[in-house]
Novice: 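Sharing a structure here in structure tokens format.
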Amino acid sequence: MAGNRNLHRANREKNDEFYTQLADIENELKHYTHHFKDKIIFCNCDDPEESNFFRYFALNFEHLGIQKLIATHFDAEKPTYKLEIDRELDLNLDGKIDFADIQRIPLQQNGDFRSPECIEILKSADIVVTNPPFSLFREYIAQLIEYEKQFLIIGNQNAITYKEIFQLIKNNKLWLGNGFNSGNAYFSIPDYAIHQYAKGVYDEHSGLVKFRNCHWFTNLDHSKRHTELDLWANYDPEKYPHYDNYDAIEVSKVKDIPKDWQGAMGVPITFLDKYNPEQFEILSSNDFRKNEDVPFKAHGLIKDKDGSINGKPTYVRILIRHKR
Ligand SMILES: C[S@@+](CC[C@H](N)C(=O)[O-])C[C@H]1O[C@@H](n2cnc3c(N)ncnc32)[C@H](O)[C@@H]1O
């Protein structure tokens, strides 16, 4: 059917099909193991037969003390199914809960994370862990927040600058996880998508694509978030110019944050990788406008030509201040 073909093409063109490696999941999830005990974990953007998220939790079900694991399969066009592992259901009666205890349960709907059926599962779950479609990231996060869920998900770093996401970050309702090894995230992709990636992104030997712009987003606490950033630099008016439009100084490298400047500072978004809310507070740029002519920015970042210094624009900046 032409309609179905168009739908398939639309899904493909959104570039949402890339699959997380087990090693990357293990590398991040090891920082949160204490969060999963007695919890219901939901992977709601995962083909459970293929997903390494489902595999990770199934493999570690006993070790993490999980109560229940649920993963739903999405198909744009037809009803699908979910896989579940339940601590109370030792199907093969061998005294342990593992892959042998997986139940396959049909869904009435298509596994869309927004479908009423998946929302009911979401309501019953404690923690959502997955790599959702990047094209639906705003909507995806909004749903997790609406249902007050804990989560650990992968997203594009650019999402930090979306107004909805930055407000959550600023209000300490969402933060970055530990991150991929050296910032490199590797994903497998379907064959049809190979031509969509430039040389250097797709590696034909490994069959994987490498993205440098992905990060983990979470509201689960982890120790890196409480690690103090060591600071060495002192304020020097020559090195730290003021913005034309904001009462704040420009700090172009996170490592150069001056330890003795008590006012607002504009830093690159890479700062969030080092952000410890006990050490710094994140500010809204709107509260530091020098005059009424500087436009209000719904996102609260310093962005575009309004972030100029002596008429020269800078990159996107987050305003921060020392807490003590
Ligand atoms: C970036 S891929 C990641 C897949 C898997 N979570 C992983 O990490 O390997 C996002 C997945 O979400 C699925 N997806 C797309 N739209 C969805 C929707 N509305 N509801 C649920 N899943 C969806 C896609 O089919 C795709 O496989």
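Heavy-atom basis, side chains included; hydrogens, waters and symmetry copies ignored. One-based numbering, in listed order, for ligands and for the atoms of each. In this text, all values refer to a predicted model and were calculated from it rather than measured experimentally.
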Novice: Just list the side-chain donor-acceptor pairs under 3.5 Å for residues 207-214, sequence neighbours left out, or say none.
Specialist:
unit_1, atom_1, unit_2, atom_2, d
Arg212, NH1, Ser182, O, 2.7
Arg212, NH1, Asn184, OD1, 2.7

Novice: For Tyr197 together with Tyr202, are the ring centres under 6.0 Å from each other?
Specialist: no

Novice: Can you list the other members of the hydrophobic cluster that holds Tyr19, where links are side-chain heavy atoms under 4.5 angstrom apart?
Specialist: none

Novice: Anything under 30° is parallel, anything over 60° is perpendicular, the rest tilted; go ahead and classify His35 against Tyr32.
Specialist: tilted

Novice: Near ligand 1, which protein residues have a heavy atom under 4.0 Å away?
Specialist: Asp16, Glu17, Phe18, Tyr19, Thr20, Asn44, Cys45, Asp46, Phe53, Phe74, Gly111, Asp112, Phe113, Arg114, Thr130, Asn131, Pro132, Pro133, Leu136

Novice: With the threshold set at 4.0 Å, does a side-chain nitrogen-carboxylate oxygen contact exist between Lys96 and Glu62?
Specialist: no

Novice: Got a sec, which hydrophobics cluster with Ile302, joining ILVMFWY side chains under 4.5 Å apart, including via others?
Specialist: Tyr243, Tyr246, Leu283, Phe288, Val294, Ile309, Leu319

